[in-house]
Amino acid sequence: MVELAVEPKTRIWHSFSVIGLCLGTLLFAASLTPSLLPRAYSVQGVLSGVSLALGYGLGAFLVWLWRYLELPEPRRSPRYYGKWAMAALCVGVALFFLWKAADWQNSIRALMELPPVDTAHPTKVGLIALILFLLLVGLGRGLRRVYFFVSARLKRFVPRRVAYVIGFVVVGLLVASLVDRILLRYALRVADSAYAELDALFEDGIEQPADPLKTGGPGSLIDWESVGRTGRSFIVEGPRQKDIADFTGRPALEPMRVYVGLRSAETADERATLALDELKRIDAFNRSVLVVVAPTGTGWVDPEGADTLEYLHNGDTVMVAQQYSYLTSWLSLLIEPNYGAEAAHALFSKVYGYWKTLPKDARPELYLYGLSLGALSSEQSAELFDILGDPYQGALWAGPPFNSRMWRSITADRNPGSSAWLPRYRDGSVVRFTAQKNALDIPGASWGPLRIVYLQYASDPVVFFDPLAWYRRPAWLVGERGPDVSAELRWYPLVTFLQLTLDMALATTAPLGYGHLYAPEHYIDAWMAVTAPKGWPPEEIERLKQKLAK
């Protein structure tokens with residue numbers, strides 16, 4: 001009678017799987033360890049809650065499988081007391097790791113020169129994780145009820161095991177449909193509409209240029225309104241001729257920037273043709289340096305990369321880019337991964353096709369540049385056999401995404417003894433890598449006619465995300481760590497994958513010079529190696545770094 005009186009009060013507790021709680025606690029504890037980027041308490045709470053729920057679900061599934069196989073189980077009494085003992089152990093483990101969480105986060109923040117987290121950090125993380133865990137478990141149990149309901153109805157017409165299989169398929173299709181049709185498609189439509197409206201906005205301080213040599217100015221072939229918000233910023237901002245001359249004390253030219261927006265023409269090929277015509281109109285092929293830029297998903301061109309190049313070459317430059325999307329890079333990568341490559345290939349083909357018809361001694365040096373998704377697109381813009389007869393001079397690719405084929409192949413085939421986060425490739429005559437500390441001056445190595453530099457930080461999750469990290473250790477976690485990677489970072493199955501996924505989504509929240517935000521002083525070293533500008537003694541380079549770092 002006593003058992004009957006107590007059981008209703010403890011029914012919810014007894015409905016939890018002890019194996020699930022134990023496995024969930026292990027994943028929860030591992031999720032509190034550091035990854036590549038520092039996390040706010042809200043972000044850490046979500047990560048830990050998902051990890052706890054994932055571990056619990058996996059443990060519950062293993063228990064179900066054990067029983068389905070009719071393997072022996074402990075007697076009820078030992079199982080009852082063992083459950084309480086394991087619960088107490090799980091709580092103890094969770095509290096210990098929460099206590100350590102602040103130190104782990106501070107190990108990253110110290111490397112990135114950020115203030116430490118506050119003392120309430122562990123408590124906030126624990127509360128958010130617990131609430132999210134209970135919500136996810138409740139959602140899972142709701143789906144299980146639907147499964148049993150469907151299976152029970154089907155058992156009237158088909159054999160029991162067939163009913164279970166069909167019920168599982170029905171619930172799976174229901175969840176997939178809800179996620180795909182309601183969450184993803186609706187959310188993406190909203191995002192696309194919102195970003196398109198944002199792109200059309202005119203920001204304060206960005207006015208239509210009066211200079212006829214600027215895109216959107218008098219006589220321009222490209223309508224100012226069609227350029228888009230990011231394109232207008234690219235055209236108007238940046239160093240002027242006077243800024244460069246005042247700093248260097250040498251004569252300078254007004255840098256040229258050409259940009260074609262997504263609304264400027266219907267297709268990527270038409271936009272590329274428009275860009276080439278605009279380059280011809282402003283006589284851009286008489287400049288010394290011509291850079292074909294592949295922007296990020298929204299069409300944004302990193303000013304840190306553009307400004308540094310223009311200073312180094314005294315404004316005797318022209319940069320040309322075309323927009324291919326309104327969405328941010330990670331959304332573009334998921335939804336329309338080929339758009340960027342198509343646009344970059346179209347633009348490069350048009351520019352290169354005209355450039356190679358010009359006399360070699362009377363044409364600009366031709367370079368490629370891209371950041372993030374732009375680096376991926378720029379890599380794919382030129383076919384090797386199309387340029388072998390008359391190659392462009394070089395490329396600078398910053399923060400290349402993990403799925404960049406060329407980058408991945410070079411990294412995998414790196415010289416023995418070099419790290420995955422800063423590889424050395426063959427004799428260094430074609431490809432070199434660098435990070436915060438300049439690593440481009442390799443003893444005994446000489447550049448060939450084509451120079452390619454990858455600028456990447458060891459703490460950049462866009463570069464070092466590994467889709468197979470759920471079951472294997474990433475190569476960059478073997479051996480010496482990068483200077484901006486916590487020594488406390490360890491690989492854990494499943495959890496490291498979740499950590500890197502979250503890091504990638506929040507890659508631009510790091511301070512400048514870490515994560516996916518590339519600092520101008522590091523661009524300077526890269527551009528110096530790729531384009532070899534003249535008249536820059538070391539002390540002047542250092543002075544330029546200090547100016548742009550401010």
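- A salt bridge links Lys545 to Asp525: at least one charged side-chain nitrogen sits closer than 4.0 Å to a carboxylate oxygen.
- Here the straight-line distance linking atom CG of Asn438 with atom CD of Glu521 works out to 12.0 Å at 0.5 Å rounding.
- Neither side chain, Tyr425 nor Tyr454, offers a donor N or O lying under 3.5 Å from an acceptor on the other.
- Interatomic distance, Asp466 CG to Met504 CE, rounded to the nearest 0.5 Å: 11.0 Å.
- Within the model, atoms CH2 of Trp527 and CG of Leu455 stand 10.5 Å from one another, a figure rounded to the nearest 0.5 Å.
- Between His516 and Tyr457, the ring centre distance reaches or exceeds 6.0 Å.
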Go through the steps to decide whether Ser378 and Trp397 satisfy the test side-chain hydrogen bond (donor to acceptor under 3.5 Å, both in side chains), and finish with yes or no.
CA-CA 8 Å; Ser378 185; Trp397 291 318; 2.8 Å; yes
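- The residue from Trp470, Trp491, Phe465 that alone fulfils the ring pair (Phe, Tyr, Trp, His ring centres under 6.0 Å) condition with Phe497 is Phe465.
- Taking the six-membered ring where the residue is Trp, Phe464 and Trp407 present perpendicular rings, their angle passing 60° and hence far from 30°.
- In this structure, OH in Tyr514 is found 7.5 Å from CE in Met112, a value given to the nearest 0.5 Å.
- For the residue pair Thr296 and Ser372, no side-chain donor N or O sits within less than 3.5 Å of a side-chain acceptor on the partner.
- Side chains of Gln44 and Ser48: a donor on one and an acceptor on the other come within 3.5 Å.
- When the options Asp307, Thr308, Asp302 are evaluated for a side-chain hydrogen bond (donor to acceptor under 3.5 Å, both in side chains) with Tyr523, the one that passes is Asp302.
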Assess the residue pair Phe28 and Phe97 against the criterion (ring-ring contact (aromatic ring centres under 6.0 Å, His included)); give the C-alpha distance rounded to whole Å, side-chain angles, the decisive distance to 0.1 Å, and a yes or no.
CA-CA 9 Å; Phe28 169 82; Phe97 276 78; 8.4 Å; no
Give the C-alpha distance, both sets of side-chain angles, the deciding distance and a yes or no for side chain to side chain contact (heavy atoms under 4.5 Å, CB included) between Glu342 and Gln380.
CA-CA 8 Å; Glu342 291 171 3; Gln380 302 174 73; over 6 Å; no
